2 protein chains.
Amino acid sequence: MGALNKIDMDDVPVLRTVARPKLTMLSLDTILLGDCISAMQGMPDRSVDMIFADPPYNLQLGGELLRPEGGRVDACDDEWDKFASFEAYDKFTRAWLAEARRVLKDDGTLWVIGSYHNIFRVGAALQDHGFWILNDIVWRKANPMPNFKGTRFTNAHETMIWCSKSEKARYTFNYASMKALNDDIQMRSDWVLPICSGGERLKDDDGHKAHPTQKPEALLYRVMLACTQPGDIVLDPFFGTGTTGAVARRLRRRWIGIEREEKYVRVARTRIASTLPLDESAMQTVPSKRSAPRVAFGVMIETGAIPPGTILTDLKRRWRAEVRGDGTLVADGARGSIHKVGATLQGAPSCNGWTFWHVDGPDGLVQIDEYRQRHLVAAGL
Amino acid sequence: MGALNKIDMDDVPVLRTVARPKLTMLSLDTILLGDCISAMQGMPDRSVDMIFADPPYNLQLGGELLRPEGGRVDACDDEWDKFASFEAYDKFTRAWLAEARRVLKDDGTLWVIGSYHNIFRVGAALQDHGFWILNDIVWRKANPMPNFKGTRFTNAHETMIWCSKSEKARYTFNYASMKALNDDIQMRSDWVLPICSGGERLKDDDGHKAHPTQKPEALLYRVMLACTQPGDIVLDPFFGTGTTGAVARRLRRRWIGIEREEKYVRVARTRIASTLPLDESAMQTVPSKRSAPRVAFGVMIETGAIPPGTILTDLKRRWRAEVRGDGTLVADGARGSIHKVGATLQGAPSCNGWTFWHVDGPDGLVQIDEYRQRHLVAAGL
DNA sequence: TTAGTTCTTGAATCCATGC
DNA sequence: TGCATGGATTCAAGAACTA
């Protein structure tokens, strides 16, 4: 009996990990069913070019959370995300990191994604294992779930850590591709991408989401395009529904996925089997679109462009309002945002405060939108 | 000889930390010259409302050892940012965090800012000390320094961790102010703000920047507006050029700064002395409904605003209920408070009766919360 | 067919007070 | 300390539905 039992020979093979002698050869484009630490123990030293890891976040959620309209939030309360303590989580983290480090080629890189619940512990463990952090990348979600109770800031991002095995490692970074992907401007450490929803979100037979934390393919697309070459081997030790495998296949990279839950493996197999590799020509360049950033009026106050206490007026000086420290306006009989106060004073259903309000200065009336334009220019946006 | 030698009595006093017996009283709006751990040891337990900490980022390893206990470094370069190892940095971090935790009020909050070089170690240490992370906030720099060599992604952000002393702490979060500051949309965990440059950037006599990591006032403005009230005490154990003090003074908060380097203290003193507090009227913020006085629905009946027998309906006129003399409602199959009846009829777990129910009058539907607002205004509340 | 409206949902550490 | 109760609280995207 070998190290792994091959239980399927279809398009996307699935191997069941049984014991742990090292394989002399890697099975590529394959899902290993089992615990990631054991599975990696069966892999040779320095055998993969990149590792993308989306480990449990250890969310530590409380009771159920209700939306304002009464609905229930479908939280990630799965058993695989529960740990007894930070110590238990650290022990688990350091164990899989040790194996990941061993199977990674010396010039390979490791990516880990997490949230504030776990990412600090993961980052500290990485450094303790000798990994050299190259960047921390912020995935700014275009459409995050709001904070329903108004108790904190909207948790609108997740963090990825990108690191090499050592300070001197000669890692792959496709600088030119990243710049091209970003309209010929250097790719920054913050990426704005939508969450995984719509047709991309995999559903089970009941129509429920197949996995609570499926990542968008766009995220993996950018990661893989940045740090690997076609033909490189990408390992994902927390494979889930196989986003890493699907994108690897699309981008003509080789891949290995490890997943403990059989139900996720089934979903991943079907998904990857139906994913088509991109045309080689299509892999050359990728279009991108940059939309104008939204600037809140409050930023004008914070940056000192319009100090609190400033009196604003409309073009015909019919109404006046005073700017408050929190970016709201106060006028005779109205208070609130620049838009709301403008609408109330005029008795109009709505109002664009940016064009309605002006600062009455030495040079006459200056529309506050003028300040916003200056801010955008100064910020290089 | 007292714990601190007062060496200056000007507008912004500077106290030199000498020994460490606890002070019975806090000196406010003051800079303490000395190592932050020693200085905090001279402060009482649970004495400050908020701490903003911008510790050394440990940007370079392999430099000379800086003793965690705080041995002074006289050099004019940035020796304060060098640590011999992660262990040394951790030891230093855990030492100042322990004092910060002791000095912080039980319902106070702590902010720490850092980059990928140090923030993961700081975050893990926070959690190990029992702090409860509320958010990690990404300061997305509008105009970061490019990566000149093209070897990584442009390092375009820094990370702040916001935490309370415990999971159950009742911390201050001015939700309504934050929402107002962001054009009436919940403030997110990613903040786009320019770096500190131009006239705000302090220069020394040679025209060089006075401090290598001066933070923009806009950043502190948002932090302080979010988590403190006017009059609250804000401590900054790594004061530098005193951005925290300047913004605190502007926003009419009290402040304490600790700084080891005399040259930075000089710059900070001049800066803060020339900062003007904002007008009190400009400090008024949007009152939150949670802090508004409670009004029982029965008062609406007692004052005659809504007479018994009035028929209430929801916005879509799907349900009807009749007002009783004691302030309860009676509907088909339900009776009780405005909230309970609304919840029962909808089959919802809960319901805000004030916003659910309406009076169907000559001017159309009027939300009963409208009556409550009128009552509050009339009562001068 | 289209345009407008309503409904659903996403890695979430998500209430405050009084008895 | 636990339980009952009042009543505060949501953004964007895509699908489903309606006129």
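All values reported here derive from a predicted model rather than from experimental measurement. In what follows, chains are A, B, ... by sequence order, proteins preceding strands, each numbered from 1.
Closest to the side chain of A:L65, out of C:dC14, D:dG6, D:dC11, is C:dC14. For B:W354, taking side-chain heavy atoms from C-beta onward, the closest of the listed nucleotides D:dA12, C:dT13, D:dG7 is D:dG7. Taking the side chain of B:R170 as heavy atoms from C-beta on, and the options C:dT13, D:dT10, C:dT17, the nearest nucleotide is C:dT17. The listed nucleotides are D:dA12, C:dT13, C:dA11; the one nearest the side chain of A:N143 is D:dA12. Listed nucleotides D:dG14, D:dT9, C:dT13 differ in distance to A:S197; the shortest reach to its side chain belongs to D:dG14. Comparing atom distances between the B:K179 side chain and each of C:dA11, D:dA12, D:dT10 picks out D:dT10 as nearest. Considering only the side chain of A:H117, C:dA12 comes nearest among D:dA8, C:dA12, C:dA11. Of the candidate nucleotides D:dA8, C:dG10, C:dT13, D:dA8 has the atom lying nearest to any side-chain atom of B:R372. Between C:dA11, C:dT13, C:dC15, one nucleotide has an atom nearer to the side chain of A:T151 than all others, and that is C:dC15. With distances taken from any side-chain atom of A:Y116 to the nucleotides C:dA12, D:dG7, C:dC15, the minimum falls on C:dA12.
Put simply, NZ on A:K141 is 14 Å from P on D:dA13, counting in whole angstrom units. The CD-P distance, from A:E69 to C:dG10, rounds to 13 Å in whole Å. Atom CE in A:M145 sits about 13 Å away from atom P in D:dC11, given to the nearest Å. What separates CZ of B:R188 from C1' of D:dT10 is a distance of 14 Å, to the nearest Å. D:dA8 atom C1' lies 6 Å from atom CG of B:N352, rounded to whole Å. What separates NZ of A:K203 from P of C:dT9 is a distance of 8 Å, to the nearest Å. Following rounding to the nearest Å, A:N147 (CG) and C:dT13 (C1') show an atom-to-atom distance of 11 Å. Look at CD on B:E167: it is 12 Å from C1' on C:dC14, rounded to the nearest Å.
By the 30° and 60° cut-offs, the orientation of the rings of A:W191 relative to A:W111 is tilted. Aromatic ring pairs are classed by plane angle as parallel below 30°, tilted from 30° to 60° and perpendicular above 60°; the pair B:W162 and B:Y171 is perpendicular. Using a 30° and 60° split on the angle between ring planes, B:W319 and B:F356 fall in the tilted class, from 30° to 60°. Ring geometry for A:H211 against A:Y264 counts as tilted: the plane angle lies between 30° and 60°, on a 0 to 90° scale. Using a 30° and 60° split on the angle between ring planes, A:F120 and B:F120 fall in the tilted class, from 30° to 60°.
For the OP1/OP2 pair of C:dG10 and a distance below 4.0 Å, the side-chain nitrogens and oxygens of A:K209 include at least one atom meeting the criterion. Within the structure, a side-chain polar atom (N or O) of B:H339 is placed less than 4.0 Å from OP1 or OP2 of D:dG7. Listed pair B:Y175 / D:dT10 meets the phosphate criterion, a side-chain N or O lying under 4.0 Å from OP1 or OP2. Contact check, A:N155 against C:dT13: a side-chain N or O comes under 4.0 Å of OP1 or OP2. Contact between the side-chain N/O atoms of A:R140 and the OP1/OP2 oxygens of D:dA12 is not found at any separation under 4.0 Å.
Between A:Q60 and A:D81, the closest side-chain pair of non-hydrogen atoms is not below 4.5 Å.
Toward the 5' end of DNA chain C, the nearer of the two residues A:T213 and A:F148, judged by each one's closest nucleotide, is A:T213.
Of all non-hydrogen atoms in A:W96 and A:A53, the two that sit nearest each other are CH2-CB, 3.5 Å. When all heavy atoms of A:K209 and A:D204 are compared, the closest pair comes out as O-OD2, 4.3 Å.
No donor-acceptor distance shorter than 3.5 angstrom exists from the side chain of A:D206 to the backbone of A:H208, with no hydrogens or angles considered.
For the C1' atom pair drawn from D:dG7 and C:dC14, the interatomic distance equals 16 Å after rounding to whole Å.
In terms of polar N and O atoms assigned as donor or acceptor, the side chain of A:R67 never comes within less than 3.5 Å of the base of D:dT9 in a complementary pairing.
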For nucleotides 15-19 of chain D, tabulate all protein N/O to nucleotide N/O atom pairs closer than 3.5 Å, reporting atom names and distance.
none

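Among the protein residues, A:A142 comes within range of the sugar-phosphate backbone only, with heavy atoms under 4.0 Å from sugar or phosphate atoms but none that close to a base. Looking at heavy-atom distances under 4.0 Å, A:P216 makes no contact with the nucleic acid at all.
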**Item:** Dot-bracket encoding of pairs in DNA chain D, which uses [ ] for pseudoknotted crossings and | for another strand, Watson-Crick or G-U under 3.5 angstrom
**Value:** .|||||....|||||||||

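Once the 5.5 Å centre distance and the 30° plane angle are applied, the aromatic ring of B:W132 is found stacked with the base of C:dT13.
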